[in-house]
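Just below is one structure, and these are the notes that go with it.
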Amino acid sequence: MPGLFSKVQEFLRSPQGRKYTDQAKRYASDPKNREKAQGMLNKFRGKGGQGGAGGHR
């Protein structure tokens with residue numbers, strides 16, 4: 001879907017898109033926020049943060 005990606009790129013080049021990009025970079029630079037985001041990604045991916053002992057069946 002090149003149309004979708006083109007629209008996303010266009011938005012990111014706009015003043016509002018740059019504002020949100022800068023805001024996200026500031027948020028990601030904080031170690032506490034980075035840890036929270038990593039935990040959410042692991043939960044979303046099904047890793048759950050319980051370590052590697054459980055595994056999927």
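Everything numeric here is computed off the predicted structure, so don't read it as measured data.
Residue K32 holds its NZ atom at 10.0 Å from CD of E35, rounded to the nearest 0.5 Å. We find the OG-CZ distance between S29 and R34 to be 7.5 Å, quoted to the nearest 0.5 Å. Once rounded to the nearest 0.5 Å, the distance linking CZ of R26 with OG1 of T21 reads 10.5 Å.
Between the side chain of R18 and the backbone N or O of L12 there is no donor-acceptor pair closer than 3.5 Å.
Under a hydrophobic-cluster definition in which Ile, Leu, Val, Met, Phe, Trp and Tyr are linked whenever side-chain heavy atoms come within less than 4.5 Å, directly or via other members, Y27 and Y20 are assigned to different clusters.
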